[in-house]
Amino acid sequence: MDRYERIIALHRSLQAARRPVTVGYLQDELGCSRATVYRDIAFLRDALMAPVIGDGEAGFHYDKAEAERFELPGLWLNSEELHALLAAQQLLARSSGGMLSAALAPLQQRVEKLLDAHSGGKRWPVERVRVIPHRIRRMDEHAFRIVASAVLERRRLAFDYRARSTDEKTRRTVSPQRLTHYRDNWYLDAWDEDREGLRSFSIDRIVGARFSDGPARDVAEEELNAHLAGSYGIFSGAPKGWATIRFSAKAARWVADEHWHSQQQGRFLADGRYELKLPYSVPRELLMDVLHYGADAEIVEPKALREQLRAHLQLALSNYGQD
């Protein structure tokens, strides 16, 4: 945690505290030394004029009469908050002229006021920060509205589905469970009534969506997460094994900071390489992400997954035969 992040975390801890917060607690909370805690408190109080009261023995807190009026000056948003604000602002801006325009206008104004409040009273230059969509696929908005309504209203749904991997067209009747936004695209997690199992469907491949008779079956959140989030990728399923991937020392500087899966295990090796272990079921998406790193990545285990990647590379190489 750098100083910027520590000041935000310190401010929020003192702001939320109902009783004085000890230096020992702040050390654990901020992940820093005792001396650093004292320096950050002094900066917060003396430079930023925060209403800090207390000493090192009894702990620190904000003066109740001043706490509600005090805010950190300037743009003290963390990266997640900034992304959320910008995404909301751009989404609301794109809705202008649509049926939601009037309803969302007050929210648009509140977001803009919040951005202004964190820019020192000046116009917040949104154009200076970009949110770039990545590989967004074209989608039938009517199909999306039907799917979203079925999820929220807990109604069964029927549709034709053309799988992208095989281009096979099938007719499905499902109990929608939830919408998932993954890598800039929308998916439907649902209980497939005919196949009696949980499935994920890419909404851009859904055709002829329509409500079906009867209420949707509810699947417990724990079961949904175990089946749909237990393994790597969007079409994961229950994990069938663990993959071990080793990255070169050059790639390690990127991979060590990346989130691939909630259960991933990573460690630096003695030679500077980075070893990543994670659960997987359907290997397709994992293989594609490993291929993204080219010669800087190697699947070590299991052998079957390693052989699949070797086959992919050989097929790719065959496209570049000798001229």
Side-chain angles (χ1 to χ4, degrees), residues 80-81 83-84 87-88 91 136-137 139-166 168-244 258-266 276-289 302 304-305:
E80 289 185 359
E81 291 171 332
H83 181 272
L91 181 62
I136 293 179
R137 296 190 288 266
M139 183 175 59
D140 183 345
E141 289 295 333
H142 175 72
F144 177 81
R145 287 195 293 271
I146 296 294
V147 170
S149 296
V151 171
L152 298 176
E153 297 174 16
R154 312 305 306 126
R155 299 174 65 177
R156 284 194 183 188
L157 188 67
F159 53 82
D160 294 328
Y161 190 74
R162 189 177 293 277
R164 181 170 279 105
S165 57
T166 63
E168 178 187 4
K169 185 177 180 180
T170 56
R171 183 155 294 179
R172 305 296 184 100
T173 301
V174 304
S175 285
Q177 301 302 313
R178 61 189 179 190
L179 291 171
T180 297
H181 191 251
Y182 177 72
R183 298 191 179 188
D184 281 333
N185 289 287
W186 287 99
Y187 298 85
L188 168 67
D189 297 335
W191 176 268
D192 192 311
E193 300 292 345
D194 297 325
R195 291 158 181 77
E196 296 186 344
L198 289 168
R199 299 288 189 274
S200 286
F201 302 93
S202 183
I203 296 181
D204 64 286
R205 305 296 287 182
I206 289 176
V207 178
R210 57 203 177 276
F211 297 120
S212 185
D213 294 334
R217 175 202 307 241
D218 287 327
V219 179
E221 188 75 12
E222 296 78 12
E223 185 178 349
L224 286 174
N225 289 334
H227 185 84
L228 298 172
S231 297
Y232 188 83
I234 185 65
F235 301 107
S236 54
K240 296 178 181 177
W242 282 72
T244 300
E258 292 176 350
H259 176 83
W260 287 51
H261 191 271
S262 60
Q263 299 177 38
Q264 70 184 42
Q265 301 170 10
L276 180 67
K277 295 184 178 182
L278 44 82
Y280 77 98
S281 176
V282 179
R284 182 173 65 252
E285 192 172 348
L286 176 58
L287 291 173
M288 295 303 294
D289 285 344
L305 191 64

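With rounding to the nearest 0.5 angstrom, the NE2 atom of H261 is 7.5 Å from the NE2 atom of H259. Rounding to the nearest 0.5 angstrom, the gap separating the CG atom in L152 from the CG atom in L179 is 6.5 Å. Within the model, atoms CD of Q177 and CZ of R217 stand 9.0 Å from one another, a figure rounded to the nearest 0.5 Å.
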Candidate pair L188 and F159, rule side chain to side chain contact (heavy atoms under 4.5 Å, CB included), full reasoning: CA-CA 12 Å; L188 168 67; F159 53 82; 4.2 Å; yes
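Contacts classified as salt bridge (charged side-chain N to carboxylate O under 4.0 Å, His left out) and involving residues 194-204 (residues at least two apart or in different chains) are given here: R137-D204, R164-D204, D192-R195.
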Donor-acceptor contacts under 3.5 Å from residues 207-216 side chains, at least two apart:
unit_1 : atom_1 : unit_2 : atom_2 : d
R210   : NH1    : G208   : O      : 2.5

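In H142, the NE2 atom is not crowded: 12 or fewer heavy atoms of neighbouring residues, nucleotides or ligands sit closer than 6.0 Å.
The closest donor-acceptor contact from the side chain of E223 to the backbone of A220 lies at 3.5 Å or more, if one exists at all. Within the 3.5 Å criterion, the main-chain N or O of E168 finds a donor-acceptor partner in the side chain of T166. Side-chain atoms of R205 do not come within 3.5 Å of backbone N or O of Y161 as any donor-acceptor pair.
Closest of all the heavy-atom pairs between P239 and P279 is CB-CB, 3.9 Å. Residues P302 and Y280 approach most closely at CG-OH, 3.2 Å, considering heavy atoms.
Using a 4.5 Å heavy-atom threshold, the side chains of N185 and S202 count as separate. The side-chain heavy atoms of D189 and V219, taken from C-beta on, include no pair separated by under 4.5 Å. Side chains of L286 and L278 form a contact here, defined as non-hydrogen atoms less than 4.5 Å apart. Looking only at side-chain heavy atoms (C-beta outward), V147 and W186 stay at 4.5 Å or farther from each other. By the 4.5 Å heavy-atom criterion applied to side chains, L287 and L305 are counted as neighbours.
The side-chain hydrogen bond (donor to acceptor under 3.5 Å, both in side chains) test applied to E258 returns W260, Y293, not counting sequence neighbours.
The only member of R155, E193, R154 that meets side-chain hydrogen bond (donor to acceptor under 3.5 Å, both in side chains) when paired with S175 is E193.
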